[in-house]
Amino acid sequence: MKYHFNEIEAKWQKFWLENETFKAENESSKPKFYVLDMFPYPSGAGLHVGHPLGYIASDIYARYKRHKGYNVLHPQGYDSFGLPAEQYAIQTGQHPAKTTEENIKTYRRQLDQIGFSYDWSREVRTSDPEYYRWTQWIFIQLFESYYCNDADQARPISELVEVFNQEGNQSINAACDEDVPIFSEIQWKNWTDVEQEMVLAKYRLTYLSETEVNWCPELGTVLANDEIVNGVSERGGFPVVRKKMKQWSMRITAYAQRLLDGLEKIDWPQPLKDSQRNWIGRSEGAMVRFKVKNLNEEFQVFTTRPDTIFGVSFMTLAPEHELVEKITTPDQQQEVEDYVMATSKRSERDRMSDVKTISGVFTGAYAVHPFTGEDVPIWIGDYVLASYGTGAVMAVPCGDQRDYDFAKHFGLEIPNIFKDQDISESACEDKSAVIANSDFISGMDAATAIRRIIDEMEKRGIGQGKINYRLRDAVFSRQRYWGEPFPVYYDNGVPRIIDEKHLPLRLPEVEKYLPTSDGKPPLGNAKSWAWCTKTETVVSNDLIDQKSVFPIELNTMPGWAGSSWYFNRYMDARNRTSFTGKKALEYWRDVDLYIGGSEHATGHLLYSRFWQKFLYDRGLVPVDEYAKKLINQGMILGTSAFVYRLEGENTYVSQTLVGDQKVQPIHVDVSLVNASNELDVEAFKRNTLNKETRQARFVLDDGKYIVGREVEKMSKSKYNVVNPDDICKNYGADTLRLYEMFLGPLEQAKPWNTAGISGVHGFLKKLWKLYHNNEEGIFSVSDAEATTEELKTLHKTIKKVDEDIANFSFNTSVSSFMIAVNELTAMKCDKRAILEPLIVLISPYAPHIAEELWEKLGHSKSIASADFPVFEESYLIESTKEYPISFNGKMRFTLELSLDLSREEVEKIVLADERTVHQLGGRTAKKVIFVPGKIINVVG
RNA sequence: GCCUUGGUGGCGGAAUUGGUAGACGCGCUGGAUUCAAAAUCCAGUGAUCGCAAGAUCGUGUGGGUUCGAUUCCCACCCAAGGUACCA
């Protein structure tokens, strides 16, 4: 009987679905294990072979854990809000919900045909109102909270109001905007409701503020920093400009330190942790106040080297610094204005790419050195960024290379404050240099000097120690249609929350998905988008009277809102009274294994950690890190194919004949090229839409057109996308699963090349044959006792697979299966005692064939719950070893020796061997190294 | 520049604590089967020299430690990813 993979796979996929084989229970006597994939955005293009890589790995892990007796939660869903569906809606008028629905259907079909063991009863979709009502609910919780620095956690904002009522904000130590005034309880009570609300907004964990944002005019929306790549939008590659807008922000900065500390206790890849650390960008130093000479103004600088303060010879402000205008002297006015203007015209990108040019202008003003009282000239320069620190630096040219370059360029003083350091060529940035010429800190090393100077600054009220972060609060508004609406309306400009009992606040219908003609977000097109506080319903905009009917927020939430908590929802996906039930949360707690791409390092994976910590603070979840272990799967690259068109001619030359001719390489669809890089010229002509190409001349080499190859990212535009559907159809899902794993280490990027697929497919056929090992090809196994050799093969494989799965080394377990099947085939093994455990071993990797053979072996229940074979060391114990005999480290021959032999006996046997005599060629052996069970090395 | 990861046959990639480098698969070569093909099976396959036995070289480069180094140490080169006038 042949291996009919199509029938077998369809049969078992249906079986799993009908029997709910992979449904996880929220109560179980088994230990729990939660395996999570990063859920996909259902794009119109469907899945390509790169997408399932991580899913296959996590599926193997989930199935393995089930065999090992765990209650496994392995869910899947869709991150279904997002730009492409909306762009498509703009172009075609099709409602994004409809496009999304269709795309999800395609995804589901593609996922199903690969045979994943998902518990689909827990599916989530971020665009489903039953899901996003809880996203809105979490937003409300954030709005109703502030961050108490003393308790180091988020607390209800009502507690803050209570304190304000009793004693104002003088003793409050909370994360807040920098411009919060100190006020008493009397002032607080005297403020109007609106005034109070404005103060509270400065403490809330989500707040409305006028912020400088990355505005993308082409997309009509703001973008987060991580949505911008090389100064243009990640999606579409459109230019991005800085613009001030009123936006919702998330006070993620309150969590900067905890997000940093939390990395210590989670098992995530080092590069990923590093990029999060980098992104958070903690630096320790001091804030120092400088007075402006002859003016009643002062400004602060942040420095990591307060110990070098006696080396300050000038100050540099960012051109955008608010003080620039106030302190510039009349005779410098023109020059400064010109410079500020010139800088503002330069795009961020310009400023970034041009790092070598030194520019700046003297303001004419002087600061007063806080220790020496000397005059320090104040300059402006675009190497100082308004967005980092205070937008001002104290320049220490002898200790900082940029300050040094600036000083050299403008002929400013470079006083040396380091003992025995030559600064004639460059600055001394070495922290071990001893401080000199610096009053009371002379002679100290940097660490001591920093402590001493901060003490002194705090004593004299000049400055204080400070930890600065690069992390900014996250902008949370998008001017889009296809996202979660904010449960917020505006009472005369003051944001008010729509009570949680009215959630979900559903997306309104609009006629057009574009921004309105007066520049409002797409929700501005909605006719009914006002909140009536009397009926507590959404009503027509015509009824807005600013008394009881108010306009609703027009922005929507960003893509990362829904994905910041979905892992909790899976635990209890159908709960209608809570975002996730307490019991479910207590049972599942956190994700044991999370698999996904590294591109989310500073986006999703940082925001979701932030939300989880917040939910934890408010007692809503039991743990403050939601994923114990995370694995990044590497990208599968496409192997693009190229044809070469002679420049200026309608002629294509085979790659082998290009030589020195001037040619233009053109991408050609990889499906038209065979494994030997030959192009199907006729099909190429047939498929092209270009008339000219159809008439083109093809210069062949020996009757063949050979294409050029290059490994690139898999993408539609490069015509190198390989669709998993074809592979499932031609080779089967089990082959696809095995092949994707066999390709190489999970975490490494690797090129897709279909050429090798016949190898794993052949393996499955061989495996099938092992169970149908007779002339007629009928299934048969024998109940005879297994031989020592057969048991050895089995147990060696069990050991290897256990180790490999623990190390996420799936590629090597596939080869160990091949070895096992090769060996058993050679032994003509047909013993149930071997073949039954063997198929359980393979089942996580190739579940369909495993189920089929399991059934043939006489089992009525799914193999999914079969016990994993237990490794027995005793089967591997050997009495002899084929020792490699080396001479001076070079292996020359092998010798089979009993493992019981003593060191002396081994030495005697080896030295007596004639090959040893030959190798030594008359020399005498000086020494014999004997490592029992490993090697024998003769030194001579 | 900085951080991280990596560099092994024609290709994807193996190699436990330093112990037979190249497992497994692809490709290639030869053979069996077949009218032929597909499929399947068998043998060979790092390079160079040699009829062979065998020898020499070989894990990015150069050095070191060691009886022995793909593995450890030092310096450098290259590639990929992240990040950046971060004070």
Side-chain angles (χ1 to χ4, degrees), chain A residues 2 269-279 281-283 285 301-306 308 316 318 351-352 354-358 381-385 387-396 399-403 405-406 468-470 598-599 601-602 632 634-635 637 639 675-676 709 738-739 742-745 747-763 765-766 769 799-800 803 807 809 811-819 822 825 882-894 918 925-931 933-940:
Chain A
K2 265 186 74 184
Q270 196 55 43
L272 199 153
K273 285 189 181 184
D274 286 337
S275 59
Q276 288 210 350
R277 284 202 187 95
N278 221 322
W279 193 260
R282 178 192 153 107
S283 49
V301 301
F302 175 73
T303 174
T304 54
R305 293 293 303 271
T308 62
T316 317
R351 268 169 84 170
M352 239 153 69
D354 178 23
V355 296
K356 290 281 168 278
T357 323
I358 294 162
D382 69 0
Y383 79 96
V384 177
L385 303 177
S387 59
Y388 183 77
T390 61
V393 301
M394 58 175 225
V396 183
D400 182 283
Q401 194 56 43
R402 285 157 311 165
D403 295 344
D405 294 339
F406 195 87
N468 199 39
Y469 298 93
R470 197 180 74 97
S598 58
E599 66 274 18
T602 52
N632 288 131
M635 209 193 312
L637 303 165
T639 314
S676 320
R709 290 286 200 174
L738 281 174
Y739 187 57
F742 190 58
L743 227 41
E747 305 196 42
Q748 229 172 68
K750 49 212 164 265
W752 179 264
N753 184 354
T754 327
I757 205 159
S758 62
V760 285
H761 188 64
F763 158 72
K765 286 200 231 171
K766 218 165 165 181
K769 248 174 131 171
K799 184 170 186 237
K800 183 85 175 104
E803 285 169 1
N807 297 325
S809 175
N811 53 328
T812 49
S813 27
V814 178
S815 47
S816 69
F817 294 147
M818 290 174 171
I819 294 168
N822 287 346
T825 302
E882 181 99 358
Y883 276 101
I885 314 294
S886 304
F887 290 81
N888 298 321
K890 281 181 185 161
M891 208 284 283
R892 291 305 175 193
F893 60 89
T894 58
H918 175 247
K926 286 191 202 121
K927 201 167 148 194
V928 177
I929 311 272
F930 173 55
V931 185
K934 294 268 188 202
I935 198 182
I936 295 157
N937 188 22
V938 181
V939 186

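Labels below follow one simple rule: chain letters A, B, ... track the order of the sequence lines, proteins then strands, and each chain is numbered from 1. Nothing here was measured: the structure is a model prediction, and the numbers come from that model.
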Distance, rounded to the nearest Å, where A:Lys890 contributes NZ and B:G68 contributes C1':
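It is 11 Å, rounded to the nearest whole Å.
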Nucleotide B:U66, atom P - distance to NZ of A:Lys927 in whole Å
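Spelled out: NZ on A:Lys927 to P on B:U66 is 11 Å.
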Aromatic rings A:Phe763 and A:Phe817: how do their planes relate, parallel, tilted or perpendicular, breaks at 30° and 60°?
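Plane angle under 30°, so parallel.
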Once you apply a heavy-atom cut-off of 4.0 Å, does [X] come out as touching a base, just sugar-phosphate, or nothing?
X        : result
A:Ser886 : nothing
A:Ile929 : base
A:Asn822 : sugar-phosphate
A:Lys750 : sugar-phosphate
A:Gln748 : sugar-phosphate
A:Pro271 : sugar-phosphate
A:Pro269 : nothing

Of the options B:C24, B:C85, B:U83, whose atoms approach the side-chain atoms of A:Trp279 most closely?
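It is B:U83.
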Side chain of A:Asn937 (C-beta onward), nearest among B:U16, B:U20, B:C67:
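Between B:U16, B:U20, B:C67, the one nearest the side chain of A:Asn937 would be B:C67.
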Using purine N1 to pyrimidine N3 plus N6-O4 or O6-N4 for Watson-Crick, or N1-O2 and O6-N3 for G-U wobble, each under 3.5 Å, what pairs with [N]?
N     : result
B:G18 : none
B:U33 : none
B:U45 : B:G27

Looking at B:A14, I'd like to know if its phosphate oxygens (OP1 or OP2) sit under 4.0 Å from a side-chain N or O belonging to A:Asn811.
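A:Asn811 to B:A14 OP1/OP2: side-chain N or O found under 4.0 Å.
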Quick check on B:U20: is either OP1 or OP2 less than 4.0 Å from any side-chain nitrogen or oxygen of A:Arg892?
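No.
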Does a side-chain heavy-atom distance below 4.5 Å link A:Gln270 with A:Asp274?
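A side-chain contact under 4.5 Å exists here.
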May I ask you to test the A:Val814-A:Tyr739 pair for a side-chain heavy-atom distance under 4.5 Å?
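No - every pair of side-chain heavy atoms lies 4.5 Å or more apart.
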